[in-house]
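The next block holds one structure in the form of C-alpha cells; read it before the comments.
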Amino acid sequence: QVRLVESGGGLVQPGDSLRLSCAASGRTFNTYAMAWFRQAPGKEREFVAVINWSGANTHYADSVKGRFTISRDNAKNAVYLQMNSLKPEDTAVYYCAAGPLYVTGTAYDYWGQGTQVTVSS
C-alpha cells in the first residue's frame, strides 16, 4: 500500500516557476514508477510526466517538454515536478500517481488527492 500526498501548488503569474512535491508512504516506493497527471475544469485527466523506479528514465507530454522536469529522491520517498515558464493553460489540479508500470496512461495503482495550480495575471 502506498499513500501519496501532493503539495506546492498555488497561484502564480505567467512565466513564473513552481515546484510540486509528492510525499509517499510505504516501503515499496522505490520499486514504483511515479507520474504526474493534471486535470483542468471540464477536461479529462491528462498525462504530464513519468519517471521510472530508479530515476534513470523520464518521459514528458509534448505540452510540457522543455519546461517541466520530474525527479525523485528514493531516500526521502518523494517525487517532484519542477515547472518553469508556466502558462495559463497549465492551470489544473495536479495529481501524483504510483504504479509498477512505466506508462503514460492512467493505469496507476495509487493516486494522491491533488494540488491546485493556477497560472493567471
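What you see is a predicted model, and the numbers here were worked out from it, not measured in a lab. The figures that follow rest on heavy atoms only: side chains count, while hydrogens, waters and symmetry mates do not. The first residue in the sequence is number 1, and the count goes up from there.
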ILVMFWY cluster, [X] and [Y] together (side-chain gap under 4.5 Å):
{"X": "Tyr108", "Y": "Val93", "value": "yes"}
{"X": "Met83", "Y": "Val79", "value": "yes"}
{"X": "Met34", "Y": "Tyr110", "value": "yes"}
{"X": "Tyr32", "Y": "Phe47", "value": "no"}
{"X": "Val103", "Y": "Trp111", "value": "yes"}

Sequence-distant partners of Arg38, salt bridge (charged side-chain N to carboxylate O under 4.0 Å, His left out), two or more places apart: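 Partners of Arg38 by the salt bridge (charged side-chain N to carboxylate O under 4.0 Å, His left out) criterion, ordered by chain and then number, come out as Glu46, Asp90.
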
Report yes if some heavy atom in the side chain of [X] is under 4.5 Å from a heavy atom in the side chain of [Y]; otherwise report no.
{"X": "Thr28", "Y": "Val2", "answer": "yes"}
{"X": "Asn77", "Y": "Ser25", "answer": "no"}
{"X": "Leu20", "Y": "Glu6", "answer": "no"}

Of all pairs that satisfy ring-ring contact (aromatic ring centres under 6.0 Å, His included), the ones with a partner from residues 67-97, not counting sequence neighbours: none

Which pair of heavy atoms, one from [X] and one from [Y], lies closest together, and at what distance?
{"X": "Ser17", "Y": "Gln82", "answer": "CB-NE2, 3.9 Å"}
{"X": "Ile70", "Y": "Ala35", "answer": "CD1-CA, 4.4 Å"}
{"X": "Thr91", "Y": "Ala40", "answer": "O-CB, 3.7 Å"}
{"X": "Val64", "Y": "Val48", "answer": "CG2-O, 3.6 Å"}
{"X": "Ser21", "Y": "Trp36", "answer": "O-CH2, 3.7 Å"}
{"X": "Ala49", "Y": "Leu81", "answer": "CB-CD1, 4.3 Å"}

Arg67 NZ/CZ over Tyr60 ring centroid, <6.0 Å and within 45° of normal: no

Within 6.0 Å of CD in Gln1, more than 12 heavy atoms from elsewhere: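 Count not over threshold, so no.
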
Within 6.0 angstrom of Lys65 NZ, more than 12 heavy atoms from elsewhere: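 Buried by this count: over 12 neighbours within 6.0 Å.
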
Under 3.5 Å donor-acceptor, Thr58 side chain and Ile51 backbone: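 No, the answer is negative, given that no donor and acceptor are paired below the 3.5 Å cut-off.
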
All pairs passing disulfide bond (SG atoms under 2.5 Å apart) where residues 19-73 contributes a residue, at least two apart: Cys22-Cys96

